[in-house]
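Down below is the structure, laid out as structure tokens.
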Amino acid sequence: MCATGRSAEPRSKRAATGGDLQKTWLTWARLGVLVVLACAAAVWGGTAATRIYLTETAARGQTTLRLAVAALHGHMRRYEPLPSLIADHDDIRELARRPEDPGLRAAANRYLKEINGLLESSDIYVMAPDGVTIAASNHDEPLSFVGENFSYRPYFQDAMKGERGRFFALGTTSLKRGYYYSAPIRDGEAIRGVVVFKVDVDVIELSWRGSDHVIIVTDPEGIIFLTGRDEWRYAGLEPLTPERLARTNASRRYADARLYPLPIESRGSEAGHALMTIGEANGEPREYLVLTEPMPEAGWTVKVLLDTASARAQAFTALVAIFLCLALAGMVAAVVLQRRARMAERMALQQEARETLERRVAERTRDLAAVNSRLETEVAERRATEQRLRQTQDDLIQAGKLAALGQMSAALSHEFNQPLAALRTYADNTAVLIDHERIADARENVTRIAALTDRLATISRHLRNFARKPNQKLGPVDVHEVVRDTLEIVAWRLKAAQAELVIDLGEGPLMVRGGAVRLQQVLVNLITNAADAVEGRPERTITLRAERQGGHVLISVSDPGPGVPDAIAGRIFDPFFTTKGVGKGLGLGLSISYNIIQDFGGNLLVANAPGGGAVFTIELEATDLSAPREAAE
């Protein structure tokens, strides 16, 4: 008996030791799984953080790029018509007929010098058909252009063909950069010479210095000629092949300046963004995020380079934070698992002792423990459910607030763009009229600006109709007056698209039930969409018709564009639905227009014309001309 007892005790100890090893192995296996999951989450989080911060950097760069392109466009268009005006001057035309007359040359030199001083340009000069300069604003300076031959310049060759020339180059005589405008001097059908207007571009670069980004402008050969960093000027983004150098040397665009390749070490992309690594003077390469926008009318390409060091540092910080949080969570999980394992051991030992002493007490204890565990689980689940319900309610309330705020801000942005563009056009024209001392015309423009400002205030008051029905009364509205006011706003867009608007309102007056300003907003949206549809197409004629049919008036806007596919015709009036490219539309114009016409008690329909293109038709209730006109707005 004693021997048997002694042999049973080691077997019990061996069984207990085996159970401990199994439990320890299971604990470490669980920890290994947690470590693998933590590493995977950290890698994914680092990639996501890098994508987010690069996207934020690109968004800031897009704003800078748009401003830079707009500034370049404005600077170029400011001087574009001046060479033609100078070429029409009597003294200049007479000089072109008799280039050898010293009196005419002296008079032309004085005139060009005076005009150059007034316009604050770089140089103005007149060239004979053989390319020799016969008069210049700098005729009395050491580096005078008089007698120089610039027939190799493309702007001279374009002007001699009867076209307006534009060309950026480094002056071969003055060694100053400038943008050249040229125009032919006509004598009947013959071209007697060329007027050239040179504008200094250094002022553009001054505004690009001292910022955390780099703006560069390249020519068709990929050579940088405008930049905020002097050491990159005349560097090539593309390999300087013999063909590229030959084309550049043929026009002597950069005179004798040294052209060299930019030290680009690598190119690539990440998260959909173009990246470029460039060697710096200190020997340390720097990675840039590259944003590009072409200027095809000038043959330029504008790029904004943003240093990615900040974005990658922020992503690394986020990755470290994620890793630390996961490590802390793993440590907590390890402690919890270990404590549970020890607790399970104690409970097993106690259970074994109690089974030998009081089986019934142990069974009742297990039953009570199980009931208590179920009660605790239920209580915890109920508390967690209540917490999720409260969080869900808070999220729904916040989402409702954000949706209303986003809808109103997007609508304001969309609806104010067209009147603001018209205001800008009138303001620019007013400045030009004042410069030419046309005060009466300038005062008329100011009156129109004031009227458009009042209209903007009225538009903002009626944008609430997009979300709920308005409280304003409806009344008779003259369609002719609404169309006339609409033309003031859409004229700039039609001109930009080179589109022609044909209006057919019939012979008699047309009165509809509605609101004048909101009906005008609908017509502005439809005509602007039609201009977008026909832009760049061979046929660009937009037709606006209005006619009375029984008790209704039908107003239609048709265009010869691509039309509306049947697959999207049912959703075209939905909010934020657009067929335009990214960044070219919010998808709110047609939705707002549809709600406005519904408020008037009418209908807005879309169809495809038999010959191609889209036709939008407004159907409104007709009113009697003698009815009292109560303005809806």
Checklist entry - Tyr181 vs Tyr79 aromatic rings, parallel, tilted or perpendicular, using cut-offs 30° and 60°? => result tilted
Checklist entry - Which class fits the ring pair Tyr125 and Phe150: parallel under 30°, tilted 30 to 60°, perpendicular over 60°? => result tilted
Checklist entry - Name the one of Leu423, Asn429, Thr425 that satisfies side chain to side chain contact (heavy atoms under 4.5 Å, CB included) with Ile449? => result Leu423
Next on the checklist: Exactly one of Thr541, Leu494, Asp559 should register a side chain to side chain contact (heavy atoms under 4.5 Å, CB included) with Val534. Which one does?
Outcome noted: Asp559
Item to check | Exercise: do Lys113 and Ser137 side chains pair donor with acceptor under 3.5 Å | outcome: no
Checklist entry - Are Thr64 and Gln62 close enough that a side-chain donor and a side-chain acceptor fall under 3.5 Å? => result no
Is there a side-chain contact between [X] and [Y] (heavy atoms, below 4.5 Å)?
{"X": "Val302", "Y": "Thr292", "value": "no"}
{"X": "Ile124", "Y": "Val196", "value": "no"}
{"X": "Tyr288", "Y": "Leu275", "value": "no"}
{"X": "Thr57", "Y": "Arg60", "value": "yes"}
{"X": "Asp532", "Y": "Asn529", "value": "yes"}
{"X": "Asn116", "Y": "Asn138", "value": "no"}

Checklist entry - Can we call the ring centroids of Tyr180 and Phe197 under 6.0 Å apart? => result no
Does [X] come within less than 4.0 Å of [Y], counting only side-chain N to carboxylate O?
{"X": "Asp88", "Y": "Arg186", "value": "no"}
{"X": "Lys495", "Y": "Glu500", "value": "no"}
{"X": "Arg105", "Y": "Asp101", "value": "no"}
{"X": "Arg98", "Y": "Glu94", "value": "yes"}
{"X": "Asp158", "Y": "Arg164", "value": "no"}

Checklist entry - What are the two closest non-hydrogen atoms of Arg537 and Pro560, and how far apart are they? => result NE-O, 3.5 Å
